[in-house]
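Below: one structure, written as structure tokens.
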Amino acid sequence: MLAVLSDLTVPGRGAARLAAATLVSTLAATMVMSGAGRAAAEGTGQRPGGATATMDGLKTYGGAVLHGDDGDREVPAGLFEMSVEGGGMLQTYCVDVLNPTQKDAKYQETPWSGTSLGTNKDAGRVRWILRNSYPQVDDLAALAKKAGVKDGLTRQDAAAGTQVAIWRYSDHADVTAVDPGAERLADYLEKNARPVAEPAASLTLDPSSLSGHPGERIGPVTVRTNAGRATVSPPADAATSGVRIVDRKGEEVTDVTDGGRIYFDVPEDAPAGTAALTVQASTTVPVGRAFASESRSQTQILAGSSESTVSATAGATWADQGPIPALSAAKNCAEGSLDITAGNAGDETFAFDLLGSGHRLAPGETRTIAVPLQEDQPYDLTVHGPDGSAHRFTGILDCRTESDTLADVTTQTVTEPTPLTAGGTASEANLAETGTSDLTPFLTATALTLLTVGGTTLYVLRRRNPTTEN
């Protein structure tokens, strides 16, 4: 679950990272609902929508030098490429310089609030750099002229200079480009960068979780996309369940545009149950969108996109009577938490227990509850109802750059060792793409020993009678 061995590629701070990783406890949390909806459901419920891609590796790059308390070291700096599920290619830069990339890591388009960019006052300057440099500016002669590079720029130099400028704002790193022209470009971009707002997602559905009663239209779900048109796929069992996806007039919907509002039309005689719809489109992902991985592979920011497949899913729960909850979750890096949003569309109070406190949601009420997590802490949280209904949230909180994380190493605790599953192996970590590896043999041996050390399983959400009301 934790990418311990992948951190071996960074000397100095990477070694400290390895030690820090063994101090992070694994979170396994369970929240039990009292009188929950009677339908069985399971899903992660926190996928924000957009593009999903696989890391192909660093493709266009030059050299850079990181200056730190433990000395200088040369690292590659430049453009990564990722393959989009369903078709398409992405070009990205790294915004987490001391964290390595994982081979074939899966990435999901993510709001800045779910990454280190969400708490970085200079995140908007990073987007300005992306919009005003390579590859968005493909005329390298013009770019060199603006930056005052007399001998011109190669693509490798342009990519390296752009990455160096980004690191100065994304990581506040002391870093310089090896090539003089790339360094001049980095200085130009850093000096001229201005704050630019976070771009909208390529595709999202709001809300992603709803609840209601049979015989009514449950919704609306509002579609937000930069695509001209998106297709709507009904629930997989629509033919047998009779659940349709319709507009506000009750007419069946098969495609939708930005701002479109769609509903789950549930038959009046339908038993308690759940359903999910999927919206999919082909579009270019906006420059500046963040991409995060659950394998602790370094966070990326989009520099360029081909026409790519993007998608999002929304779910609905219904029942005749009683509390009918709708649950979703989102990472909140500003607060260091997983924010669980619970709503109750039923006709009875929805009572549940969280962190030792009872909560009660009246019919029609919605509330967001923050579950605090430690940095780099995997979580696997399942919300259970008494009749077997379940909703699962999994992931890892990755909200800080490497240097920020190391500053808080002393706050972690260790108790009895438990097995620890590594998120990658030394062979899976992209050694050529993150720092040098002079200490790799020694650190690999150390890591294999420390793999037996882990944090305790922390049940922060435990079952009890929900008698205390918040």
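Only heavy atoms go into these numbers, but all of them, side chains included; no hydrogens, no water, no symmetry mates. Bear in mind that the values here come from a model prediction, so they are computed numbers and not experimental data.
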Student check: side-chain heavy atoms of [X] and [Y] closer than 4.5 Å:
| X | Y | value |
| --- | --- | --- |
| Leu397 | Asp376 | no |
| Met82 | Thr54 | no |
| Pro199 | Arg127 | yes |
| Leu327 | Ile340 | yes |
| Leu277 | Ile262 | yes |
| Leu373 | Tyr379 | yes |
| Glu74 | Val178 | yes |
| Leu361 | Thr366 | no |

Should we say atom [atom1] of [X] is surrounded by more than 12 heavy atoms from elsewhere, each under 6.0 Å from it?
| X | atom1 | value |
| --- | --- | --- |
| Asn192 | CG | yes |
| Arg261 | CZ | no |
| Glu335 | CD | no |

[X] side, atom [atom1]; [Y] side, atom [atom2] - distance, nearest 0.5 Å:
| X | Y | atom1 | atom2 | result |
| --- | --- | --- | --- | --- |
| Lys331 | Leu338 | NZ | CG | 8.5 Å |
| Phe80 | Lys59 | CZ | NZ | 11.0 Å |
| Cys399 | Asn120 | SG | CG | 12.5 Å |
| Asp139 | Lys146 | CG | NZ | 9.5 Å |
| Asp380 | Thr394 | CG | OG1 | 6.0 Å |
| Asp187 | Leu185 | CG | CG | 9.0 Å |

Evaluate the side chain to side chain contact (heavy atoms under 4.5 Å, CB included) criterion for residues Leu130 and Tyr93: first the C-alpha distance (whole Å), next the side-chain angles of each, then the deciding distance (0.1 Å), finally the verdict.
CA-CA 9 Å; Leu130 293 166; Tyr93 287 105; 3.6 Å; yes
Using the side chain to side chain contact (heavy atoms under 4.5 Å, CB included) rule, take Asn132 and Tyr188 through it: C-alpha gap first, then chi angles, then the decisive distance, then the call.
CA-CA 11 Å; Asn132 289 274; Tyr188 161 76; 5.9 Å; no
Under the 3.5 angstrom rule, does the side chain of [X] hit a backbone N or O of [Y] as a donor-acceptor pair?
| X | Y | answer |
| --- | --- | --- |
| Ser305 | Val285 | yes |
| Glu81 | Leu90 | no |
| Glu183 | Ala177 | yes |
| Glu198 | Trp112 | yes |
| Asp258 | Thr225 | yes |
| Ser208 | Leu205 | no |
| Asp179 | Ala182 | yes |
| Gln280 | Ser311 | no |

Do [X] and [Y] have side-chain N/O donor and acceptor atoms under 3.5 Å apart?
| X | Y | answer |
| --- | --- | --- |
| Thr341 | Thr368 | yes |
| Gln108 | Thr52 | yes |
| Glu109 | Ser202 | yes |
| Ser297 | Ser295 | no |
| Thr283 | Asn226 | yes |
| Ser133 | Thr162 | yes |
| Ser83 | Asp56 | yes |
| Thr92 | Gln300 | yes |

Determine the minimum heavy-atom distance between [X] and [Y], stating which atoms define it.
| X | Y | value |
| --- | --- | --- |
| Leu189 | Trp128 | O-CZ3, 3.9 Å |
| Ala158 | Leu140 | CB-CD2, 3.8 Å |
| Ala227 | Ala281 | CB-CB, 3.6 Å |
| Ser293 | Ile396 | O-CG2, 4.3 Å |
| Leu153 | Asp157 | CD2-CB, 4.0 Å |
| Ala144 | Gly152 | CB-CA, 3.9 Å |

I would like to know whether Glu190 and Arg184 meet salt bridge (Lys or Arg N to Asp or Glu O under 4.0 Å); could you show each step before the answer?
CA-CA 10 Å; Glu190 180 187 17; Arg184 187 174 290 275; over 6 Å; no
Walk me through whether Asp171 and Arg168 qualify under salt bridge (Lys or Arg N to Asp or Glu O under 4.0 Å).
CA-CA 6 Å; Asp171 296 70; Arg168 291 174 182 175; over 6 Å; no
Hits for side chain to side chain donor-acceptor pair (under 3.5 Å) against Thr119, two or more places apart or cross-chain, chain-then-number order -> none
Check the pair Met89 / Val84 against side chain to side chain contact (heavy atoms under 4.5 Å, CB included), numbers first and verdict last.
CA-CA 6 Å; Met89 293 294 297; Val84 179; 5.9 Å; no
Checking Asp138 against Arg155 for the salt bridge (Lys or Arg N to Asp or Glu O under 4.0 Å) test, could you report, in this order, the C-alpha distance in whole Å, the side-chain angles of both residues, the deciding distance, and whether it holds?
CA-CA 9 Å; Asp138 200 34; Arg155 295 187 185 279; 2.7 Å; yes
Might you work through the side chain to side chain contact (heavy atoms under 4.5 Å, CB included) test for Tyr61 and Leu79, ending with a clear yes or no?
CA-CA 6 Å; Tyr61 60 95; Leu79 271 174; over 6 Å; no
Report the residues that fulfil disulfide (SG to SG under 2.5 Å) with Cys94, sequence neighbours left out, ordered by chain and then residue number.
none
